[in-house]
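Reviewing the structure listed below.
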Amino acid sequence: MYLHGTSAVNERGNLTIGGMDTTELVKQYGTPLYVYDVSLIRQKARGFVDTFAKHGMKAQVAYASKAFCTVAMLQVVEEEGLSLDVVSGGELYTALQANFPTERIHFHGNNKSREELEMALRANIGCIVVDNFYELELLKELTEQYEQRMPILLRVTPGVEAHTHEYILTGQEDSKFGFDLQSGGATEAVRRALEAPYLSLLGVHFHIGSQIFDMTSFHLAAEKVFQCLVQWRDEFEFISTVLNFGGGFGIRYTDEDIPASPAVCVEHIISVAKHFTHIHGMVLPEIWIEPGRALAGDAGTTLYKVGSTKYIPNVRNYVSVDGGMSDNIRTALYDAKYEAALANRMKEEKTELVSVAGKCCETGDMLIWDVTLPSPKAEDILAISCTGAYCYSMASNYNRLPRPAVVFVENEEAQVVVERETYEDIIKFDKAYKSVVRNNER
Ligand SMILES: *Cc1c(COP(=O)(O)O)cnc(C)c1O
């Protein structure tokens, strides 16, 4: 297993994160356990922010909170001076509870409800990224009703595919997200937005996919977007003061993944923006980006306890752990690949090819199909790295498993930032049913 951030191996042969022995964390907080390396989150955040600063660029780096949205995470993100993307009333509520500065909150989503838009207006957030005509009309009506100005971006679909897993593409033309550039939908949206008295159109947003390694996809998407910016300048005298390149920067889950560092991603985006503004004779807009996975992903490690094993000769060796798709659905959903290690036996030779299964009643409940480990036995601690993004945030109570606790570690200290759920929590919203069957139906 690749050791990200502060992860290391101590003299006892145990995995440590943030200077904390993971086997001690397990003793104290139980399993499964999400452990976050806070200094790695900070390092990534600074990589993005400092690179814009180094180039003297006006920019906003907005953490896409859907990757991992808890009060503690948003506090760290705030401390590092980032902005924040939310995609629902629940994420916005979490941000408000974390005292996140509202002017740095941006609201995304392809089907924001009237209540969610009202909540965003009441909180007076920094920007709403308008996705479609229904939302544009609704927001126009609400801002007129409240006589409240709201900065907006228009999300456009440039029709460019990012080179990544098919299921997580959003930039192609056939997408539920955004105004279409090709068909003229985006142009009509710009026209209507400019006419709306209380909407301040700052510019456009695009997001072309996730876990992107090939940075040329940003160049291709920007090329299409700039063609439209030129058209809108000529047609409406509209100047985009903000250009939001979205997120999607890839991370290293396994050694098949070769990601660019945050600094290199930012350098690339700056050069793309400079290139197109130069050839079209435009002023450089403020650049916004929205990393989610690249901030939270490799900072997270999940610790499990090994239980049963099932070795089928010449077929497969199953090793089951005390979590599964309920705390990490990405393998089942996206065929995601992970690396793992036995956190209590880091120095032992890896001799056995195994498949790590969850405990959910579902054949597809697998965490890793192939990983080589020292022959695992019951009570070993299995660590899966790079589980910081889209694991806790997609966790469920399937099979009525309580969701695990989340622990932040930094400088030899550990703090629980999300409590482990209890069985009482699981039935908290259940109500007994008073049967209304009639006697004659028995
Ligand atoms: C999901 C999402 C992001 C973040 O994507 P990552 O792959 O986690 O970086 C950014 N912007 C938008 C609009 C998104 O939907």
Side-chain angles (χ1 to χ4, degrees), residues 41 44-45 47-48 59-69 73-74 77 82-88 91-92 95 104-112 125-132 135 152-158 160-172 175-179 203-215 217-218 221 225 242-253 257 259-262 264-266 268-269 287-300 328-330 333-334 336 386-394:
I41 300 170
K44 295 295 189 81
F48 288 110
Q60 283 195 45
V61 178
Y63 169 55
S65 72
K66 71 179 195 272
F68 172 58
C69 185
M73 179 63 182
L74 304 194
V77 164
L82 273 62
S83 299
L84 192 70
D85 281 359
V86 299
V87 297
S88 69
E91 288 184 354
L92 176 55
R104 278 165 32 208
I105 300 176
H106 312 153
F107 198 168
H108 276 279
N110 67 303
N111 193 21
K112 305 176 189 78
I125 66 166
C127 180
I128 293 178
V129 183
V130 176
D131 184 278
N132 53 71
E135 181 185 346
I152 64 166
L153 293 180
L154 295 177
R155 177 167 184 167
V156 299
T157 324
V160 169
E161 278 187 26
H163 291 136
T164 183
H165 201 291
E166 180 182 19
Y167 302 147
I168 38 184
L169 286 179
T170 54
Q172 72 275 43
S175 162
K176 72 171 181 174
F177 293 109
F179 295 100
V204 293
H205 165 280
F206 60 92
H207 173 74
I208 52 174
S210 204
Q211 186 63 349
I212 300 168
F213 297 112
D214 183 357
M215 295 296 289
S217 40
F218 286 96
V225 171
V242 171
L243 185 56
N244 190 325
F245 280 73
F249 312 108
I251 62 167
R252 185 201 177 286
Y253 285 97
D257 305 327
S261 67
V264 169
C265 292
V266 170
H268 183 84
I269 282 174
I287 305 295
W288 293 5
I289 57 167
E290 308 173 322
R293 187 190 316 272
L295 284 165
D298 46 21
N328 181 354
I329 200 173
R330 293 191 63 259
L333 197 58
Y334 306 124
C386 267
T387 58
Y390 306 108
C391 289
Y392 176 78
S393 62
M394 289 187 172

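Every number for a ligand or one of its atoms is a count from 1 in the order of the listing. As the structure is a prediction and not an experimental result, all values here were calculated from the model.
- Within ligand 1, counting atoms from 1 as listed, the ones closer than 4.0 Å to a heavy atom of Gly248 are 5 (O), 6 (P), 7 (O), 9 (O).
- Under a 4.0 Å criterion applied to the non-hydrogen atoms of Ala64, ligand 1 contributes the atoms 3 (C), 4 (C), 10 (C).
- At least one heavy atom of Tyr390 lies less than 4.0 angstrom from ligand 1.
- Shown in contact with Arg293 at under 4.0 Å from a heavy atom are these atoms of ligand 1, numbered in order with element: 6 (P), 7 (O), 8 (O), 9 (O).
- Atoms of ligand 1 lying under 4.0 Å from any heavy atom of Ser210, numbered from 1 in the order shown and given with element: 6 (P), 7 (O).
- Judged by a 6.0 Å distance limit and a 45° cone about the ring axis, Arg155 is not positioned over the six-membered ring of Phe206.
- Within the listing of ligand 1, atoms 3 (C), 4 (C), 9 (O), 10 (C), 11 (N), 12 (C), 13 (C) sit less than 4.0 angstrom from a heavy atom of Glu290.
- With sequence neighbours excluded, no residue forms a ring pair (Phe, Tyr, Trp, His ring centres under 6.0 Å) with Tyr390.
- Atom numbering of ligand 1 starts at 1 in the shown order; those under 4.0 Å from a heavy atom of His108 are 13 (C).
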>> Between Arg293 and Asp298, is the salt bridge (charged side-chain N to carboxylate O under 4.0 Å, His left out) condition met? List the steps.
In response: CA-CA 8 Å; Arg293 187 190 316 272; Asp298 46 21; over 6 Å; no

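- Residue Cys127 holds its SG atom at 5.5 Å from NE2 of His106, rounded to the nearest 0.5 Å.
- With values rounded to the nearest 0.5 angstrom, Tyr63 atom OH is found 12.5 Å from Glu290 atom CD.
- The shortest side-chain heavy-atom distance between Leu333 and Met394 falls under the 4.5 Å cut-off.
- Every atom of ligand 1 is numbered from 1 in the order shown, and the set under 4.0 Å from a heavy atom of Gly292 is 4 (C), 6 (P), 8 (O), 9 (O).
- Heavy-atom proximity to His205, at under 4.0 Å, picks out these atoms of ligand 1: 13 (C).
- Relative ring orientation between Phe249 and Phe218 is described as parallel, the plane-to-plane angle staying below 30° on a 0-90° scale split at 30° and 60°.
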